[in-house]
2 protein chains.
Amino acid sequence: MRIGELAEAADTTTKTLRYYEDQGLLRAAGRTPGGYRDYTTDTLTRIDFIHRGQAAGLTLAQIRQILDIRDHGQAPCNHVRDLLDTRLTDIDRQIHQLQDLRDTLAGLRDRADHVEPDTCSTDQICRYL
Amino acid sequence: MRIGELAEAADTTTKTLRYYEDQGLLRAAGRTPGGYRDYTTDTLTRIDFIHRGQAAGLTLAQIRQILDIRDHGQAPCNHVRDLLDTRLTDIDRQIHQLQDLRDTLAGLRDRADHVEPDTCSTDQICRYL
DNA sequence: CTGAACCTTCCTGTATAGGGGAAGGTCAAG
DNA sequence: CTTGACCTTCCCCTATACAGGAAGGTTCAG
């Protein structure tokens with residue numbers, strides 16, 4: 001199948017598919033005599049896997065690693081488990097950071113309701129911050 | 001004071017200060033006969049304000065808006081309050097998104113502990129995702 | 001044979017907040 | 001008078017996951 005059909009089937013764009021090939025996520029497809037990429041249906045499975053990886057917040061580089069391991073004939077499962085663990089602690093850290101920021105922000109916002117705006121002097125620019 | 005002193009006093013770099021000027025966050029400083037930027041101490045206050053804005057998660061563009069309002073002789077307080085509100089709802093949305101992702105990830109990770117890795121077939125690449 | 005729809009490669013741009021470094025000018029001390 | 005520390009402008013680079021578009025080739029229907 002040609003790249004346009006594949007893109008539609010995988011709910012993505014031809015741009016993206018060429019980009020994936022460029023980044024080593026898709027192996028170079030066969031070519032028709034005219035020079036068009038000619039895909040087999042297992043590529044669709046591969047793209048779906050990539051999408052699941054993205055849905056899990058993995059970067060394309062990380063997904064590529066997994067695919068490389070599989071392409072070397074090994075099971076990437078342990079590596080995937082490690083990636084999931086790393087992602088989880090990362091996300092927890094991010095959530096905490098955001099919550100800290102949220103607290104700061106809420107404090108400022110709250111203060112803004114209790115401070116007279118007219119007391120805001122020029123040199124401090126704005127009392128609310 | 002010269003840019004190096006100011007940078008040290010404000011705990012930042014000369015690169016950053018020139019960048020701020022470039023982006024309209026700092027007004028063009030006076031120059032010495034030799035062409036060096038010559039800052040007055042109120043610039044330090046301004047930089048501190050910028051830092052507080054950044055600590056509140058505002059972008060430089062948003063901080064610039066506040067400064068512009070103040071530089072037009074008006075009190076930016078209402079605008080700041082609006083920005084804080086917007087930031088708050090934004091951050092809440094981000095936190096929810098991250099928590100959703102965390103749930104997805106935790107589900108995958110949990111499943112990984114209950115699924116036999118050996119049942120992972122080549123064509124699905126990895127059962128854990 | 002021609003036009004539309006598809007494909008090819010290649011180059012540029014996106015947003016953010018600066019960092020790195022080149023080529024050259026300025027200022028004080030020794 | 002020179003050396004070193006500072007300053008100037010200018011231009012390129014960073015990460016991420018593509019999108020936009022140019023210039024040209026291919027394929028199929030009518």
Side-chain angles (χ1 to χ4, degrees), chain A residues 1-26 28-40 43 46-67 83 87 90-91 94 97-98 101, chain B residues 1-26 28-40 43 46-67 83 87 90-91 94 97-98 101:
Chain A
M1 73 200 313
R2 290 191 304 186
I3 197 169
E5 299 174 67
L6 179 61
E8 195 175 4
D11 195 31
T12 182
T13 67
T14 60
K15 280 283 185 191
T16 300
L17 294 182
R18 291 195 201 92
Y19 178 69
Y20 285 175
E21 180 183 320
D22 211 54
Q23 299 300 303
L25 290 143
L26 298 181
R31 297 288 176 137
T32 67
Y36 287 6
R37 286 176 180 80
D38 191 16
Y39 291 99
T40 53
T43 309
R46 204 173 167 96
I47 298 169
D48 284 342
F49 179 81
I50 294 172
H51 286 163
R52 288 202 301 283
Q54 286 192 306
L58 300 182
T59 66
L60 292 185
Q62 290 173 322
I63 297 170
R64 188 211 151 126
Q65 283 184 2
I66 302 173
L67 292 169
L83 279 177
R87 254 336 256 147
D90 261 22
I91 286 187
Q94 281 184 53
Q97 277 182 9
L98 276 181
L101 183 53
Chain B
M1 74 200 312
R2 289 190 306 186
I3 197 170
E5 299 174 67
L6 179 60
E8 196 175 4
D11 195 31
T12 183
T13 67
T14 60
K15 278 284 186 191
T16 300
L17 294 182
R18 291 197 200 92
Y19 179 68
Y20 285 174
E21 180 182 320
D22 211 54
Q23 299 299 305
L25 288 141
L26 296 182
R31 298 287 176 137
T32 67
Y36 288 7
R37 285 176 182 79
D38 192 17
Y39 290 100
T40 53
T43 309
R46 203 173 167 97
I47 298 169
D48 284 343
F49 179 80
I50 295 172
H51 287 163
R52 288 201 302 281
Q54 286 191 307
L58 299 182
T59 66
L60 291 184
Q62 291 172 321
I63 297 170
R64 188 210 150 125
Q65 282 184 5
I66 302 173
L67 292 169
L83 280 177
R87 254 334 256 150
D90 262 20
I91 285 187
Q94 281 184 52
Q97 277 181 8
L98 276 181
L101 183 53

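To find a chain, count down the sequence lines: A is the first, B the second, and so on, and within it residues start at 1. If you're wondering where the values come from, they're calculated on a predicted model, not measured in any experiment.
By the side-chain contact (heavy atoms from CB on, under 4.5 Å) test, B:Asp90 is found to be paired with B:Arg87, B:Arg93, residues two or more places apart in sequence or in another chain being considered. For A:Glu21, the side-chain hydrogen bond (donor to acceptor under 3.5 Å, both in side chains) test picks out A:Arg37, with sequence neighbours left out. Contacts of B:Thr13 classified as side-chain hydrogen bond (donor to acceptor under 3.5 Å, both in side chains), with partners at least two apart in sequence or in another chain: B:Thr16. Among residues two or more places apart in sequence or in another chain, the side-chain contact (heavy atoms from CB on, under 4.5 Å) test is passed with A:Thr43 by A:Leu6, A:Leu26, A:Tyr39, A:Thr40, A:Ile47.
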Using a cutoff of under 3.5 Å, can you pull out all pairs of nitrogen or oxygen atoms linking the protein to nucleotides 14-17 of chain C, with atom names and distances?
from, atom 1, to, atom 2, distance (Å)
C:dA17, N7, B:Tyr19, OH, 3.3

Scan nucleotides 27-30 of chain C against the protein and return all N/O pairs shorter than 3.5 Å with their distances rounded to 0.1 Å.
from, atom 1, to, atom 2, distance (Å)
C:dC27, OP1, B:Gly34, N, 3.4

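An angle of 40°, rounded to 10°, separates the two end axes of the helix from C:dC1-D:dG30 to C:dG30-D:dC1, each defined over five pairs.
Counting all heavy atoms, side chain and backbone alike, A:Ala29 lies closest to A:Asp38 at CB-O, 3.9 Å. Nearest approach of A:Ala7 to A:Thr14, heavy atoms of both residues: CB-N, 3.7 Å.
Nucleotides of DNA chain D nearest to B:Lys15 and B:Glu5 differ in position, and the one nearer the 5' end is that of B:Glu5.
Applying the salt bridge (Lys or Arg N to Asp or Glu O under 4.0 Å) test to every pair with at least one member in residues 46-63 of chain B, sequence neighbours left out, gives these pairs: B:Arg46-B:Asp71. For residues 2-13 of chain B, there are no salt bridge (Lys or Arg N to Asp or Glu O under 4.0 Å) pairs, not counting sequence neighbours.
Protein chain A touches strand DNA chain D; the 5'-most and 3'-most nucleotides with an atom under 4.0 angstrom of its non-hydrogen atoms are D:dA17 to D:dT27.
Note on A:Arg37: only backbone sugar-phosphate atoms sit closer than 4.0 angstrom, heavy atoms only; bases stay farther off.
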Please output the side-chain donor-acceptor pairs of residues 58-67 of chain A that fall under 3.5 Å, not counting sequence neighbours, one pair per line with the distance.
from, atom 1, to, atom 2, distance (Å)
A:Thr59, OG1, A:Ala61, N, 3.4
A:Thr59, OG1, A:Gln62, N, 3.1
A:Gln62, OE1, A:Thr59, N, 3.0
A:Arg64, NE, A:Asp68, OD2, 3.1
A:Arg64, NH1, A:Gln23, O, 2.9
A:Gln65, OE1, A:His79, NE2, 2.9

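Regarding A:Arg31, its CZ atom lies at a distance of 10 Å from the C1' atom of C:dC7, rounded to whole Å.
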